[in-house]
> 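Sharing a structure, written as C-alpha cells. Questions coming.
Worth knowing before you read on, the calculation uses all heavy atoms, side chains too, and leaves out hydrogens, waters and symmetry mates. Numbering starts at 1 and runs along the sequence shown.
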Amino acid sequence: MTHRSATPLRLALRLAAPDTADALAERLRPELLAALSDRFGLPEEMVETLTGPGGAALRAALDTDPAEFLLRAAETGDPLIARAVWRARYRIGPGRTGRARDLPELLPAILRAADVTDPRWEAEDGLVPLLQEEASGFELLPALTGPFPQLISFTLVQLARLLPLPVALDACIALVQLAGGKGLLAFADGVERIEDFDLGRPELLDLMRAAAAEDDPEAFLRERRPAGEWTDPAALRALLRVRDTGSSGARPDALDWALVRREHARLPFETEPSRGRHSRNRLMQLTRWEGCPEDLVMESFRASPWSTSRVAAELPFEALVGPEAAAGKVPFDEALGRGLRTGRLPVDRVLAEVTPAPEVLGALPYDHEPTRKALAGLLDRLGTDPVNWLTCYARMGRARGSVAALIDDAASATSRQKRNTSWPRPLEAVFPATPPEASRAAFLNLFQCASEEAQIAVVPHFDARAVQHLLVYGDPAPAVRDAVIAAHGVAAQAAQASTDALSPEKLAYLLDLNEPQVDANLFFHCRIDQEERVRMLAGRLRGGGTRAVPEELLHALRETNLGHYRHWLIAGLDSGDLGVARTLVGRLKLRIPAARLRLLVAVWGRGGPEAVREILAMDRLPVTLRRQTEKLLDAPDGLEKLRARLAAEEDPEKLLAFLNKKPGWGESQPHKLTGEGIPLPWPELIAAYGSGTLTPGAAQDLAERADCPRELLLALLPDTPEVDRYSTAWPQLALRNGTLTPEDLLTHAAPARRALSHLRHALNSPEQKADRQQLRTQAATLTAEHLGADPEAWAVALQLLPTFAGTLPELCATAGAIVRPAA
C-alpha cells in the first residue's frame with residue numbers, strides 16, 4: 001500500500017467512532033500495517049511487533065509522529081530494531097529525499113537500551129559496523145560514552161582532534177569502565193601503529209598511558225577532568241557540528257561562550273573566506289547565534305566581511321565604521337536594517353558615524369519608528385528652505401561622510417561649495433514609471449521623514465521625475481499631494497497614472513479625475529479592470545455624464561500590443577464612439593460575424609447612419625457585410641433590421657453550435673466568443689447541458705471560466721476530472737473563486753475517488769480557506785448515517801472506493817446496503 005492509497009484508510013479511521021475505528025483497524029490490519037510501514041520506514045513485521053495487538057494500538061500509531069515512534073522503538077534494546085530504526089532516519093527525512101532527519105536523541109536511546117552481551121550488535125550486519133560505515137562525525141558523539149569499546153575507540157580516532165579535553169576524558173573513562181586500563185593502553189598503542197596518522201591530541205595519549213599505569217585509572221582520569229565543562233549534550237553536539245560540517249543549527253540554551261572561546265584558542269575555527277556558494281569560515285557559523293562574543297564576530301568579519309555581515313545575529317558597531325565598511329565590503333541593506341530593528345545598533349550613532357551617507361540612507365529601515373524619528377530630528381536643520389533641500393540632494397551622490405554630516409553641510413549657509421536654487425540635472429517623467437535608484441531613492445526616503453510643512457515648501461521645486469517618484473512610490477499626505485498638483489498640474493497626475501503599482505486608494509483617486517491623459521495612462525500602463533476599460537472607451541465619466549472619447553485614449557488604443565492585450569480593444573466594441581470604432585476596425589480582424597454587427601449597431605445607435613458610412617468606407621469589413629449594411633442606411637427601420645441580424649447571429653442555438661465545435665490548437669471555443677466581446681448565453685447553455693446538446697468537452701471548457709454559473713458547475717460535478725498536478729482542474733478553480741464549496745464536492749462530485757482527491761487537495765492548499773472542522777463534521781454525519789458502527793461496512797466502503805462511479809454519499813449508502821441488505 002502506498003502513501004497515497006493509504007489516505008482513505010486514515011480518513012476512515014478518523015471519521016469513525018473510536019470503538020468502530022478500533023474494530024476497523026483490526027479488520028484491515030494488513031492494509032494498516034503497510035501504511036504504517038511506509039510512514040515509519042520500518043518493515044511491516046517490525047511495526048506489528050512495536051505497536052502490539054489490537055486495533056486501538058494500530059490506530060494510535062497512525063497519529064504518532066514518526067520521530068517519536070522511532071525513539072520509542074530505539075528503547076526496546078533489540079539490535080535488529082535498532083539497526084532498522086537508524087536506517088529509517090532517511091525514510092522520514094524532509095520530503096523523503098534521501099537526507100537523514102536530524103534526531104539527536106535517537107542514538108543515545110539506542111545505546112542506553114543496548115545489551116552488549118548480544119552478539120548481533122557487533123555482527124557484520126549489526127548496528128555497530130553500520131555506524132562505523134555511515135554515521136557522520138557529530139552524530140557519533142553519543143558513542144563516546146556508550147557501551148561498546150570498539151565504537152568508543154573508533155569515534156575517538158575520528159573526532160579526538162575536534163573534541164574539548166573534558167569530552168575526550170569522558171570517552172577515556174567510559175573505555176576504562178568497559179575495558180580497564182589495558183583497554184586504554186591498547187588504544188594508545190593501536191593509534192601509534194597507524195601509519196601516517198596523527199590523533200591531533202598527543203596529550204591525550206600521554207594521559208591514557210599514565211592512567212593505564214595507575215592502580216585506579218578511572219580515578220586518575222576523573223581528577224584531571226575539569227568539573228562542569230561540556231556536560232550539556234546539545235551544546236557539545238552544536239560545537240562539533242560546526243567543527244565537523246561547517247553548518248550550525250539552533251543555538252543551544254546552555255552554551256557557555258567562555259568554553260567556546262577557550263576551544264577557539266586551542267584549535268581556531270577556520271576562517272577561510274567564502275568561495276562561491278560554499279564557505280569554510282566555520283567561525284562565521286558561531287556568529288549566527290545570539291550572544292556570540294564581539295571579538296569572535298569581528299575575527300570572522302575581518303576574514304569574511306560581506307558574509308559575516310549578512311548572517312551575524314549581532315554585528316558590532318565597530319564593523320560598520322571600520323576599513324571594511326569604507327571599502328564597500330559591508331552589505332548595509334541587511335546589517336543596518338537588522339541591527340536597528342532589534343535595537344542592537346544605536347540609531348543616533350549610525351546616523352552620526354557610519355559612512356558613506358548614500359549607502360546608509362539606502363539601507364535604513366524607514367518603517368522603523370525610532371529611525372524615522374531620529375531622521376526627522378536631523379532634517380529639522382534643513383527647515384523649510386528649498387535651497388537647503390536642493391543642496392542636500394545635489395551633494396548626496398558624492399557625500400563620503402555620515403548622514404548627519406551631509407545634512408549639516410547642506411544646512412550651512414557659510415559653506416564655500418555651490419548652493420542649489422533649482423533641481424540639479426532635471427529629468428522628465430518616464431512611461432511606464434520606474435522605481436528610483438541611487439541618490440533619487442535615498443532622497444525620496446529621506447524627504448518623507450521631514451515635516452509636512454517642509455515637504456509642502458519643497459515639492460514645487462521638484463523635477464518631473466522626482467514628482468513621479470513621490471506620487472507613485474511614496475506615500476505623501478493629502479496636503480502634500482495637493483501641493484504637488486498645485487505646482488506641477490495634471491502632468492503630475494498623468495505621471496502617477498503610468499504604473500501598475502498603485503494602491504486601490506491611489507487608483508480610485510486618479511480614476512475620479514476623469515482627466516483624458518490620466519485615463520489614457522491608466523488604460524495603457526495600469527492593470528485596471530476590464531469594466532473600467534469599457535467605461536473609458538464608452539466615454540462614460542465616473543460620477544455620471546458622457547463625453548467623446550478623447551484623443552489621448554485613442555492614441556493608447558493605437559499603441560496597444562495586440563499579441564498580449566487584444567481584449568483592451570475589444571472593451572470598446574459596444575462603445576459606439578466613432579473614434580474608438582475606427583481604431584478597432586483599423587487594427588482588429590473581427591473573426592466572428594456577431595462581433596462585427598455589435599460594433600456597427602453601437603456606432604449607428606450613437607452616431608447615426610453617417611457614422612456607419614465612415615466605418616464602411618474604411619474597406620476593412622467583409623464585402624457582403626458592407627453591401628448588406630449600406631442597403632439599410634437609408635431605410636427608416638434600418639437600425640432595427642441591423643439589430644435583428646445581430647440577434648440572429650447571437651441566437652443561443654447558433655452560439656451552442658459554435659461552442660460544440662472541436663477546437664484546434666490555441667484558444668478554447670468559449671474564449672473565442674468572449675474574446676470577440678460576445679456574451680455567453682448561460683441560461684440556455686445550462687439547459688443544453690441538461691438536455692445533452694452541449695458536448696462534455698465544451699462544458700468542461702465553460703467550467704474553467706471564472707464567470708461560470710454555480711448551476712452548471714453542480715451539473716458537471718458527476719463527471720469530476722482528475723486532480724492535475726501540473727494545471728488547475730476546474731473544481732479547484734471554482735473552489736478558489738467561491739462558486740463551489742467543499743460541501744458541494746462531498747455531496748455531488750463523482751466518481752467518489754476523484755471527489756475525495758479534490759477535497760484533500762483543496763483543504764491542503766494555502767489558497768483554499770475551507771472550514772476543516774465543518775467539513776469533518778459533515779463527513780462524520782454522512783458516514784454515521786450509512787456506515788454507522790459496523791466495521792464491515794466501513795471496510796466495504798474502502799474496498800469500493802477505487803472503482804466506484806457514484807458520489808461519496810452513494811458510496812457510503814451502497815456499502816451499508818451490501819452489509820445490511822433490506823429485509
Side-chain angles (χ1 to χ4, degrees), residues 530-531 533-534 537-538 557 562 565-578 580-609 611-616 618-633 635 637-664 666-689 693-695 697-699 701-702 705 707-709 712:
Q530 183 75 350
E531 290 77 9
R533 299 186 191 281
V534 171
L537 295 183
L557 272 185
L562 294 182
Y565 306 113
R566 189 176 189 274
H567 62 287
W568 291 7
L569 274 73
I570 292 297
L573 195 68
D574 291 319
S575 162
D577 181 90
L578 183 57
V580 172
R582 290 181 62 86
T583 305
L584 265 62
V585 172
R587 297 204 65 200
L588 296 180
K589 183 177 181 180
L590 297 172
R591 297 164 290 189
I592 297 178
R596 305 168 194 143
L597 289 168
R598 287 182 74 87
L599 182 141
L600 293 175
V601 166
V603 170
W604 195 332
R606 183 163 180 169
V612 176
R613 282 194 173 92
E614 286 196 36
I615 298 299
L616 298 179
M618 294 176 66
D619 198 21
R620 292 277 298 172
L621 296 175
V623 174
T624 301
L625 175 62
R626 293 204 313 268
R627 290 174 178 172
Q628 292 174 344
T629 306
E630 285 170 351
K631 293 178 181 179
L632 299 176
L633 292 178
D637 58 348
L639 178 56
E640 286 70 20
K641 290 182 177 179
L642 193 63
R643 285 174 175 156
R645 289 178 53 200
L646 172 60
E649 289 293 336
E650 290 185 343
D651 181 76
E653 290 297 326
K654 192 163 188 173
L655 296 181
L656 178 63
F658 182 86
L659 291 171
N660 280 334
K661 289 181 182 178
K662 185 177 181 180
E667 296 176 320
S668 67
Q669 295 297 93
H671 187 72
K672 289 178 182 178
L673 283 179
T674 57
E676 296 280 289
I678 309 303
L680 295 173
W682 287 115
E684 290 80 4
L685 292 176
I686 294 171
Y689 183 74
T693 55
L694 180 67
T695 65
D701 288 339
L702 291 168
R705 296 183 55 84
D707 58 343
C708 184
L712 180 56

> NZ of K631 to NZ of K641: how many Å apart, nearest 0.5 Å?
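Reported value, rounded in 0.5 Å steps: 11.5 Å.
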
> With a 4.5 Å limit on heavy-atom distance, are the side chains of L562 and W568 in contact?
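Not touching, per the 4.5 Å side-chain cut-off.
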
> Hey, does the side chain of S575 reach the backbone of L537 with a donor-acceptor pair shorter than 3.5 angstrom?
yes

> The test is side chain to side chain contact (heavy atoms under 4.5 Å, CB included); show your working for I570 and L590 and say whether it passes.
CA-CA 9 Å; I570 292 297; L590 297 172; 4.1 Å; yes

> Are the side chain of D574 and the backbone of A602 linked by a donor-acceptor contact shorter than 3.5 Å?
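Side chain of D574 to backbone of A602, a donor-acceptor pair under 3.5 Å: no, none is there.
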
> If you round to the nearest 0.5 Å, how far is CZ of R645 from CZ of R643?
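Separation between the atoms: 14.0 Å.
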
> List the steps and the verdict of side chain to side chain contact (heavy atoms under 4.5 Å, CB included) for L656 and E684.
CA-CA 9 Å; L656 178 63; E684 290 80 4; over 6 Å; no

> Quick one: does any side-chain atom of E649 pair with a main-chain N or O of L597 as donor and acceptor, under 3.5 Å?
no

> List the atom of W604, the atom of G638, and the distance in Å for their closest heavy-atom pair.
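The answer is CH2-C, 3.5 Å.
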
> Which atoms form the tightest heavy-atom contact between A581 and I615, and what is the distance?
CB-CD1, 3.7 Å

> Counting C-beta onward and ignoring hydrogens, is there a side-chain heavy-atom pair between Q669 and L673 closer than 4.5 Å?
no

> Work out which heavy atom in V601 is nearest to a heavy atom in L639; give both atom names and the distance.
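The answer is O-CD1, 4.1 Å.
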
> May I ask you to decide if G586's main-chain N or O and R620's side chain share a donor-acceptor pair within less than 3.5 Å?
yes

> With sequence neighbours left out, write down each residue that passes side-chain hydrogen bond (donor to acceptor under 3.5 Å, both in side chains) with D651, or none if nothing qualifies.
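So D651 forms no side-chain hydrogen bond (donor to acceptor under 3.5 Å, both in side chains) with any residue.
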
> Please report the interatomic distance CG(L569) to CZ(R587), rounded to the nearest 0.5 Å.
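Reported value, rounded in 0.5 Å steps: 6.0 Å.
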
> Do P652 and L685 come within less than 4.5 Å of each other through their side chains, counting heavy atoms only?
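When only atoms from C-beta onward are counted, L685 and P652 do not touch, as no gap falls below 4.5 Å.
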
> Check for a donor-acceptor pair, side chain of R596 on one end and backbone N or O of L621 on the other, with a separation under 3.5 Å.
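A pair under 3.5 Å: no.
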
> Would you please name every residue forming a side-chain hydrogen bond (donor to acceptor under 3.5 Å, both in side chains) with D619, sequence neighbours left out?
R626

> More than 12 non-hydrogen atoms from neighbouring residues, nucleotides or ligands closer than 6.0 Å to CZ on R591, yes or no?
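It does: R591 CZ has more than 12 such atoms within range.
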
> Any sub-3.5 Å donor-acceptor pair from T583's side-chain atoms to L557's backbone N or O?
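Side chain of T583 to backbone of L557: no pair is present.
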
> Can you give me the closest heavy-atom contact between T693 and N660, atom names plus distance?
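Closest heavy-atom pair between T693 and N660: O-ND2, 2.8 Å.
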
> Quick one, R566 with E676, criterion salt bridge (Lys or Arg N to Asp or Glu O under 4.0 Å). Give me CA distance, side-chain angles, the key distance, then yes/no.
CA-CA 9 Å; R566 189 176 189 274; E676 296 280 289; 2.7 Å; yes

> With a 3.5 Å distance limit and no angle check, can you tell me whether D637 reaches the backbone of E640 through a side-chain donor-acceptor pair?
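No, D637 side chain to E640 backbone: no donor-acceptor pair under 3.5 Å.
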
> Within the side chain of T695, is there an N or O that forms a donor-acceptor pair under 3.5 Å with the backbone of A698?
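Yes: the side chain of T695 pairs with the backbone of A698.
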
> Considering non-hydrogen atoms only, spot the tightest contact between A594 and I678 and give its length.
CB-CD1, 3.6 Å

> As an exercise, state the distance from CG of L642 to CG of L632, rounded to the nearest 0.5 Å.
6.0 Å

> To the nearest 0.5 Å, tell me how far M618 CE sits from R582 CZ.
5.0 Å

> Under the side chain to side chain contact (heavy atoms under 4.5 Å, CB included) rule, what do L616 and L625 come out as? Steps first, then yes or no, please.
CA-CA 9 Å; L616 298 179; L625 175 62; 5.7 Å; no

> Regarding E650 and R598, does a basic nitrogen lie under 4.0 Å from an acidic carboxylate oxygen?
yes

> Are L702 and W682 close enough, and set up right, to give a side chain to side chain contact (heavy atoms under 4.5 Å, CB included), and what steps lead you there?
CA-CA 10 Å; L702 291 168; W682 287 115; 3.8 Å; yes

> Would a 4.5 Å heavy-atom cut-off, applied to side chains only, mark K672 and F658 as touching?
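When only atoms from C-beta onward are counted, F658 and K672 do touch, with a gap below 4.5 Å.
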
